[in-house]
Amino acid sequence: MSVYDVCIIGAGASGLVAGIETGKRGLSTIIIDKNKKSGKKLYATGNGRCNIANAVLRADSYFFNEAVSSVISEDTAEMLRNYFLELGVPFTERNGYFYPASNQASTVVWALKDAAKSYGAEIIEGTEALDIKTENYKSDESGDERNVYEILTDNGVIRANAIILAMGSPAAKSSGGTDEMILYKIYDSLGLKYEKYRPVLSPLKADVPQELNGVRTPVRIKEYDEYGELQLLTGILSGIVIFNVSYYVKEETFITLDLIPDFSIENIVESIKAAENALFRRSDTAILNGYVNDKLATYFSKKISPYISPDERFHNLISIFKMLKDYKVNVSPMNDYERSQSAAGGILPDMINLSTMLIRDNESETSGIAVCGETVNITGKCGGYNLMWAFASGIKAGKGILK
């Protein structure tokens with residue numbers, strides 16, 4: 001009976017670097033992936049350019065999880081720059097965002113696959129893990145007995161002394177996401193504690209009127225102090241700023257949009273007073289359009305009551321500017337994995353020795369199971385943070401397994 005040292009389940013970002021590291025150590029390694037192409041999700045990251053890492057690391061770059069600091073530090077982006085340079089992939093940097101110099105995600109995928117194979121890892125595509133059992137195995141050579149993991153796949157059984165779970169999450173299934181129920185079945189079979197998945201980094205349902213469809217505008221979301229470009233679609237809010245906020249929106253609620261984030265009310269009052277003569281020459285919409293998109297200006301100008309005097313008009317305009325700076329919108333989660341870039345949930349960090357990514361064992365603090373990437377309940381904001389976590393945790397898992 002053939003038994004590999006390590007079976008890595010998932011040939012995405014974390015699984016491929018884990019395979020490189022186990023191969024470097026001379027461990028016989030097999031990497032299996034349910035997709036017909038390894039690294040399928042990687043091809044879609046960064047709009048096809050593959051945002052590998054982000055040098056700008058803030059306290060809120062990852063959601064509600066102090067555990068990430070055991071794996072990600074201010075040096076991680078530079079570590080990955082050097083790691084990929086050794087694989088033949090130089091980086092370019094834009095405002096802290098690291099991309100391959102080719103601006104093609106395929107460059108990264110090919111380099112990872114070539115490196116894993118060069119170190120002896122066997123990559124089997126189009127093979128999905130369905131369950132994992134632990135069996136007692138007696139060596140024909142030494143007669144020793146030990147536990148072996150039996151990975152039940154749709155193409156037969158694979159046996160290994162250790163496993164690395166790098167299966168990703170249910171997000172973006174058409175781009176390589178894993179079936180949610182299969183993940184839970186494997187976690188349950190191995191006795192792993194986890195939080196159930198939910199789609200995040202996605203648009204939000206919202207009561208956006210058709211008149212505002214297609215608007216792109218800067219915004220600050222007051223409840224979460226998130227700043228960025230907002231995209232308004234009929235019934236939907238989108239844009240990176242919304243993707244980041246979507247993590248917090250678990251049920252119907254409201255958020256407050258500051259649609260003129262770069263100006264205070266005091267600034268606006270002074271500006272309008274300085275252009276007092278323009279009030280007589282220009283329409284309400286035109287005055288509002290000096291600060292916001294024309295569709296926003298038209299929509300909000302309809303809210304101005306008819307005025308009798310210039311003074312009344314001035315105060316009505318200021319009231320509308322205050323609405324624009326404090327615009328409450330009812331929102332709710334999309335609950336659509338296909339429209340989400342990531343999924344919150346997965347194996348709880350408390351189960352993991354984060355210096356090795358090994359599942360903790362009650363007896364020895366080590367085991368034959370390591371986890372990495374989206375399999376762990378750690379989610380970063382948009383901007384390369386999730387890929388940076390995948391690569392950094394995958395490297396640790398490959399170095400820590402069977403140590």
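Count residues from 1 along the sequence. We use all heavy atoms of the structure for the numbers below, so side chains are in, but hydrogens, waters and symmetry mates are not.
- Checked by atom type and distance alone, the side chain of D131 never pairs as donor or acceptor with a backbone atom of I151 at under 3.5 Å.
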Let me check something: any side-chain donor-acceptor pairs from residues 121-129 under 3.5 Å, sequence neighbours excluded? List them with distances.
residue	atom	partner	partner atom	Å
E122	OE1	Y4	OH	2.8
E125	OE2	S38	N	2.9
E125	OE2	S38	OG	2.6
E125	OE2	K113	NZ	3.1
T127	OG1	N155	ND2	3.0

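- Atoms CG and CG, on L259 and L232 in that order, are 7.5 Å from each other to the nearest 0.5 Å.
- Y194 OH: more than 12 foreign heavy atoms inside a 6.0 Å radius.
- Side chains of I255 and L237 form a contact here, defined as non-hydrogen atoms less than 4.5 Å apart.
- The CZ atom of F321 sits 6.5 Å away from the CD1 atom of I318 when rounded to the nearest 0.5 Å.
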Exercise for the section: Take T217 and N293, measure what side chain to side chain donor-acceptor pair (under 3.5 Å) needs, and give me the verdict at the end. Expected result: CA-CA 7 Å; T217 187; N293 177 281; over 6 Å; no
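- Formation of a donor-acceptor pair under 3.5 Å by the T153 side chain with backbone atoms of G156 is found in this model.
- Using a 4.5 Å heavy-atom cutoff, the side chains of Y149 and K133 are not in contact.
- Applying the side-chain contact (heavy atoms from CB on, under 4.5 Å) test between L87 and each of D114, I20, V108 identifies I20 as the sole match.
- Side chain of D258 to backbone of R220: no donor-acceptor contact under 3.5 angstrom is found.
- Within the model, atoms CD of E74 and OG1 of T76 stand 9.5 Å from one another, a figure rounded to the nearest 0.5 Å.
- A donor atom on one side chain and an acceptor atom on the other are found under 3.5 Å apart for T107 and S102.
- The aromatic ring centres of Y197 and Y337 sit 6.0 Å or more apart.
- For the pair S118 (side chain) and A116 (backbone), a donor-acceptor distance under 3.5 Å is absent.
- Checked by atom type, the side-chain pair N267/Y291 shows no donor-acceptor distance below 3.5 Å.
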Handout entry: Test side-chain contact (heavy atoms from CB on, under 4.5 Å) applied to V208 and I236, step by step
Key = CA-CA 6 Å; V208 177; I236 293 174; over 6 Å; no
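- By the 4.0 Å N-to-carboxylate-O rule, R81 lies close enough to E93 to be salt-bridged with it.
- With no hydrogens or angles considered, no side-chain donor-acceptor pair links N316 and S319 at under 3.5 Å.
- Expressed to the nearest 0.5 Å, how far CG of D60 lies from CG of N244 amounts to 8.5 Å.
- W389 places a side-chain N or O within donor-acceptor distance of the main-chain N or O of G373, the cut-off being under 3.5 Å.
- With a 6.0 Å cutoff to the six-membered ring centre and a 45° limit on the axis angle, R49 counts as a cation-pi contact of Y99.
- Side-chain contact of T134 with N147: a donor-acceptor pair under 3.5 Å is absent, judged by distance alone.
- Considering CZ of F263 and CD of E270, their distance stands at 12.0 Å, rounded to 0.5 Å.
- The local environment of CD1 in I240 is sparse, with at most 12 non-hydrogen atoms from other residues, nucleotides or ligands closer than 6.0 Å.
- Between S174 and E338, the side chains place a donor N or O and an acceptor N or O closer than 3.5 Å (distance only, hydrogens not considered).
- Not a single donor-acceptor pair under 3.5 Å links the side chain of E252 to the backbone N or O of V331.
- At least one donor-acceptor pair closer than 3.5 Å links the side chain of D33 to the backbone N or O of A11.
- Between K34 and D154 there is no salt bridge, since no side-chain N of the basic residue sits under 4.0 Å from a carboxylate O of the acidic one.
- Between the N386 side chain and the G380 main chain, a donor and an acceptor come within less than 3.5 Å of each other.
- Distance check: K295 NZ to T285 OG1 gives 14.0 Å after rounding to the nearest 0.5 Å.
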Practice task
Determine, step by step, whether V200 and S340 satisfy the side-chain contact (heavy atoms from CB on, under 4.5 Å) criterion, reporting the C-alpha distance in whole Å, the side-chain angles of both residues, the deciding distance to 0.1 Å, and the verdict.
Solution key: CA-CA 6 Å; V200 295; S340 66; 6.0 Å; no
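- In this structure, R198 is positioned above the aromatic face of Y247, its NZ or CZ under 6.0 Å from the six-membered ring centre and within 45° of the axis.
- Taking the centre of each ring, F84 and F98 stay at or above the 6.0 Å mark.
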Problem - Evaluation steps, side chain to side chain donor-acceptor pair (under 3.5 Å), between Y184 and D179 - result: CA-CA 9 Å; Y184 297 155; D179 184 272; over 6 Å; no
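- A salt bridge links D326 and K222; the closest N-O separation between the charged side-chain nitrogens and carboxylate oxygens is under 4.0 Å.
- Aromatic rings of Y327 and F300 (six-membered ring for Trp) have centroids within the 6.0 Å cut-off, being under it.
- Of the possible polar contacts, none joining the N35 side chain to the K37 backbone as a donor-acceptor pair under 3.5 Å is found.
- Test I30, L402, V17, I401 against T22 for side-chain contact (heavy atoms from CB on, under 4.5 Å) and you get one pass: I401.
- Judged by distance alone, with hydrogens and angles left aside, the side-chain atoms of T375 form a donor-acceptor pair with the main-chain N or O of M167 at under 3.5 Å.
- For the residue pair S169 and E374, a side-chain donor N or O sits within less than 3.5 Å of a side-chain acceptor on the partner.
- The side-chain tip of K381 does not point at the ring of Y62 from less than 6.0 angstrom away and within 45° of straight on.
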